[in-house]
Each structure stands twice: as C-alpha cells, then as structure tokens.
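Written below as structure tokens is the structure these notes are about.
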Amino acid sequence: MFNGGLNETVNMNGKWFKLLCKNTEVQLTGTLNGGQSFRWRKVEKSPEQQWIGVFADKLWTLQQVDDGILYKVNENNVKTCPEEHYNELLRNYLNLDVELAPLYEQWSEKDPNFCEAAKQFYGIRILRQDITENIFSFICSQNNHISRITSMVEKLATFYGDQICDLDGISYYTFPKVDKLASDDVENKLRKNGFGYRAKYISQSAKFIMDNGGEKWIHDLQQLEYPEAKKRLLSLMGIGAKVADCICLMSLGHLQAIPVDTHIYQIATRWYMPKLAKQKTVTEKIYNEIGDYFRTLYGPLAGWAHTVLFCADLKKFQENQSEKKSHKRKKKEDS
DNA sequence: CGGTAGCCTGTGTG
DNA sequence: ACACACAGGCTAC
C-alpha cells in the first residue's frame, strides 16, 4: 500500500522499510526542520507528512509513524543494499545510539525553562552530518535567512554534486566533494548566482582544504579534540566561532559545543544572563561566557540541550511570522 | 586587545 | 509598485 504511484520498474529502490523507535526519541519535524540541515523538504501526502532529503549520497523519504520511522531509499547504482545496511545508515544519521529520555530528564531537573520547552520539543536530535556539507552549508548561513540558505545549498548540490535520481519530476544531487568546490571559476559562478561575499569564502576554504591534504584534512579533523578541531576550522576563510561550533556539534561529535547566534544570545540574555542585556555586540569574551554558562548548566552534552532551546525559539519565531501573515490575509478578506 | 563598520543580496514587511 | 530593514556572522581595521 505504500508503493502507490512509484515507478519501480525504473527505480529498483523505493521499497518501504521501518526503523523501530519511540516517538519520544525522534521527532522528525523538529530535527529535520530545525536549522541543522538545509536539505530536507516537507511533503504533504495527506493525511501523512513525509520528509525528502539527501544524505550518504542517497535520496531518502522519511515518515514518522507510531512505533518508528518508515523510510525508503533511492540511489543511483542498481544493486540495492540490504535493509540492515540502510537501517544502520539512518540510525547513524539520527545519532540513535544516544538515548534521549534520560538526558531530557536531567536537563529538565536542572532547568525549568528547558522543562517547559521540552514538552513540545521532545525527540529533538543532533544529526550526525557529513563534514563537508556542514562546513559549506554553514559558510552560506552567515548573516542570512534560512529560506535563502536553503536555496544556496540546493544550488551548490545542483552545480557541483552528482545526480542521484529523479523523483516526481525533480532531480536530486549529492552534496559536492571539496575538490569540486575548489575548481576554477567557482567564486565567479557563485557570485553570479547570488551568493554575495560568501562566494569567495566557499572557494577559498575549498582551495585551502585541497592545498592541505583534501580528504585527509577532513579525516584528520575528525580525530581532534574539541578545542583543536575548532581552532583548525577557524583557520578557514569565512568560518568564525559560531560556524566552527556548528560544525563541531553537528558533524564532529563534540556535543559540548554551543554555537552562540543571535537566537541563543537573545535566549541567554532573556532567561539566564540578564546582566548581558546591555551589551551591544557578542564579543569573543561574551561568546565564551554564554557557552560556558550552558556547559555548566547542562553538562557534557550541553550543545544538544541548547539545540532544543534553539528549536523552541525558532518555532516561536516562525509562528509569529505565520500569525502575522494569516492576520493580514484575514484583514484583506474582511475588507 | 576590545569594539565595530562594511559586506552581498534575497526575502519579507510597511 | 517601491522602498527598506535585516538575516542563525565574519573579516579587516
């Protein structure tokens, strides 16, 4: 019943599998749409809600059900992998080895504000993302809106990634390897395509990585402890403290990293560190103070706890926006 | 050393 | 229609 409409003669894949998992352990909406990855789209297949996105060089469709996640995989090579292999990839991407219930309990005990946020934002997970994708996506994210970041990441994949497959008339691409982003004329092309000053950062960072070992540079980065990894990321043009911490948290497994962006700064001054409210800008000193505060409050996985707060704040923000819109529409209808 | 002006431009708002 | 502010920051000064 789940294969309705899919052309299985063309694509050998497209068969539904299930990953068993409690809903309290994974909430797809908050996890995939919370600003961690910019590659997921929500598809309303009423009454179901599905998510389509790319990771591990494959196209995935995910759907939350009572006792887990239904998923199917599309990929280019004809030979299909065994279900266990896909299960393992998805488990890894969703970081399912980390059990969330006891963590939420600890954080809730320590922080009533977290406790409140956790009611609606259960099952928020830190994804284990591809390092290259993480680096270049978050270079795009600086001083930018999520909607625009999303379209920029999509452009990177279309321009420099490999095509995976077509689904419902849309072509999907892998996120490009570093060498592609380091090729000639990348800066030019990206600038023409609306990347602004980030075009140079992407090109320069890609070239820097290639000049310093390419894949080996990426691989070595994974072996470093948090402070060293962060320091090395900071040597890339266009990566500052916030983006470096995003990468440490989301693809290097340093769950104590706290990316302090405008949202977290607002949250910190509002609820936790009111004395900072008079500060105009987040200096390095303030940045570290905020991170240290949350690390003391939440412990070694503070970055995970912070992401839950971030999601709650982002959701509030989005709700405000849509409230305004519907209000506006209503007014228009009335008149 | 701490602080901040300037940066590209798409998107949303007045 | 047409401004105008501002975005999950960073670099250079």
Side-chain angles (χ1 to χ4, degrees), chain A residues 30-40 124 126-127 129 133-156 186-205 208 230-231 233-251 257-270 276 278-291 294 303 306-332 335:
Chain A
T31 303
L32 301 179
N33 202 25
Q36 290 186 62
S37 167
F38 300 99
R39 298 218 71 191
W40 290 95
I124 303 295
I126 300 286
L127 298 168
Q129 298 194 65
E133 176 175 337
N134 206 193
I135 288 174
F136 292 98
S137 298
F138 277 81
I139 287 179
C140 294
S141 80
Q142 67 176 70
N143 204 18
N144 214 346
H145 303 268
I146 288 180
S147 56
R148 188 174 168 213
I149 302 165
T150 303
S151 80
M152 286 160 86
V153 172
E154 204 167 84
K155 279 177 191 169
L156 288 180
V186 166
E187 178 177 349
N188 228 319
K189 179 159 183 175
L190 294 183
R191 245 186 200 276
K192 276 186 208 152
N193 278 278
F195 280 63
Y197 54 79
R198 301 165 199 83
K200 188 169 89 178
Y201 295 161
I202 289 169
S203 167
Q204 297 241 336
S205 289
F208 180 90
K230 181 171 176 179
K231 201 177 292 175
L233 285 165
L234 288 172
S235 67
L236 294 177
M237 165 81 65
I239 292 189
K242 188 268 175 183
V243 169
D245 273 331
C246 283
I247 298 160
C248 285
L249 176 64
M250 299 172 189
S251 59
I258 310 269
V260 180
D261 53 40
T262 53
H263 290 269
I264 292 302
Y265 178 65
Q266 299 299 330
I267 293 171
T269 55
R270 170 159 224 190
L276 293 181
K278 62 180 190 296
Q279 289 289 333
K280 266 188 182 168
T281 55
V282 181
T283 62
E284 191 183 344
K285 185 166 169 258
I286 307 274
Y287 186 99
N288 291 327
E289 270 183 40
I290 294 173
F294 283 118
H306 128 282
T307 302
V308 178
L309 293 184
F310 178 81
C311 282
D313 195 67
L314 195 64
K315 184 70 185 305
K316 270 184 213 157
F317 178 72
Q318 288 171 351
E319 274 172 357
N320 285 340
Q321 300 300 307
S322 55
E323 265 170 36
K324 280 180 197 165
K325 275 184 201 166
S326 65
H327 193 65
K328 208 172 176 181
R329 270 200 301 275
K330 202 164 186 299
K331 271 171 118 177
K332 211 173 177 181
S335 61

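Naming convention: chains lettered A, B, ... in sequence-line order (proteins, then strands); numbering from 1 in each chain. Bear in mind the structure is a predicted one, so any value in this text is a computation, not a measurement. Just the heavy atoms: all of them, side chains too, but no hydrogens, waters or symmetry mates, feed the values below.
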Scan A:A199 against the nucleic acid and name what it touches under 4.0 Å (heavy atoms): base, sugar-phosphate only, or nothing. nothing
Contacts of A:E154 meeting salt bridge (charged side-chain N to carboxylate O under 4.0 Å, His left out) (sequence neighbours excluded), chain-then-number -> A:R41
In whole angstrom, give me the gap between the P atoms of C:dC6 and B:dA5. 15 Å
Paired to C:dA12 by Watson-Crick or G-U wobble criteria (both distances under 3.5 Å) is B:dT4
I'd like to know if A:K242 reaches the base of C:dG8 with its side chain, counting only an N/O donor and acceptor under 3.5 Å. yes
Across the strands shown, which category fits A:G240 at heavy-atom distances under 4.0 angstrom: base, sugar-phosphate, nothing? sugar-phosphate
Contact under 4.0 Å: A:T281 side-chain N or O vs B:dT4 OP1/OP2: yes
Say we look at B:dC7 and C:dA5: how far apart would their P atoms be, to the nearest angstrom? 15 Å
d(CZ, A:F38; P, C:dG8) in whole Å: 9 Å
Length of the NZ-P vector between A:K280 and B:dT4, whole Å: 6 Å
Kindly say whether, by distance alone, the side chain of A:Y197 makes a donor-acceptor pair under 3.5 Å with the base of B:dG6? no
Under a 4.5 Å cut-off applied to non-hydrogen side-chain atoms, are A:R148 and A:C140 in contact? no
Note, A:K242 side chain near A:V282 side chain (heavy atom, < 4.5 Å): no
Proximal nucleotide (of B:dC8, C:dG8, B:dT11) relative to the A:F310 side chain: C:dG8
Would you check, one step at a time, whether the test side chain to side chain contact (heavy atoms under 4.5 Å, CB included) holds for A:I239 with A:I139? CA-CA 6 Å; A:I239 292 189; A:I139 287 179; 3.8 Å; yes
For a quick check of understanding: with a heavy-atom distance under 4.0 Å over all strands, which category does A:G238 fall into, base, sugar-phosphate or nothing? sugar-phosphate
For A:I258 and C:dG9, what is the distance between atoms CD1 and C1' respectively, to the nearest whole Å? 18 Å
When you compare B:dG10 with C:dT11, how far apart are their C1' atoms, in angstrom units rounded to a whole number? 22 Å
Would you classify A:Q204 as touching base, sugar-phosphate or nothing, given that sugar-phosphate means primed atoms plus P, OP1 and OP2, and contacts are heavy atoms under 4.0 Å? nothing
Starting from the 5' end of DNA chain B, give me the residue, A:F195 or A:Q279, whose nearest nucleotide shows up first. A:Q279
Per A:Q142 side chain, nearest of listed nucleotides B:dC8, B:dG3, C:dC10: C:dC10
Starting at CE of A:M152 and ending at C1' of B:dT9, how long is that distance when rounded to a whole Å? 9 Å
Identify which nucleotide among C:dG8, B:dG10, C:dA12 has an atom closest to any side-chain atom of A:R148, counting heavy atoms from C-beta outward. B:dG10
Side-chain donor/acceptor contact of A:H145 with base of B:dG10 under 3.5 Å: yes
Are the side chains of A:Y197 and A:N143 in touch, meaning some heavy atoms are under 4.5 Å apart? yes
Length of the line joining A:L236:CG and C:dC10:P, which is rounded to integer Å: 12 Å
Taking any strand in view, what nucleotide pairs with C:dC2 in a Watson-Crick or G-U wobble way, both distances under 3.5 Å? B:dG14
If you go through the side-chain atoms of A:R198, does one of them form a donor-acceptor pair with the base of B:dC8 closer than 3.5 Å? yes
Whole-Å distance separating the OH atom of A:Y201 from the P atom of B:dT9: 13 Å
Take the protein atom CG of A:N143 and the nucleotide atom C1' of C:dG9, then report the distance between them rounded to whole Å. 6 Å
Under 4.0 Å, counting only non-hydrogen atoms across every strand here, what does A:I267 touch: a base, just sugar-phosphate, or nothing? nothing
Under 4.0 Å between any heavy atoms, over every strand shown, what does A:I146 touch: base, sugar-phosphate, or nothing? Just pick one. base
Mapping A:M250 and A:M237 to their closest nucleotides on DNA chain C, which lands nearer the 5' end? A:M250
A:Q279 side-chain N/O to A:T269 backbone N/O, donor-acceptor pair under 3.5 Å: no
Rounded distance in Å - CG (A:L276) to C1' (B:dG3): 16 Å
With rounding to whole Å, what would you report as the distance between B:dT13 and C:dG8 at their P atoms? 12 Å
Under 4.0 Å, counting only non-hydrogen atoms across every strand here, what does A:V243 touch: a base, just sugar-phosphate, or nothing? sugar-phosphate
Can you work out whether A:G194 or A:I286 has the more 5'-proximal nearest nucleotide on DNA chain B? A:I286
Side-chain heavy atoms of A:F195 within contact of A:L156, under 4.5 Å: yes
Would you say A:S141 places a side-chain N or O within less than 4.0 Å of OP1 or OP2 belonging to C:dG8? no
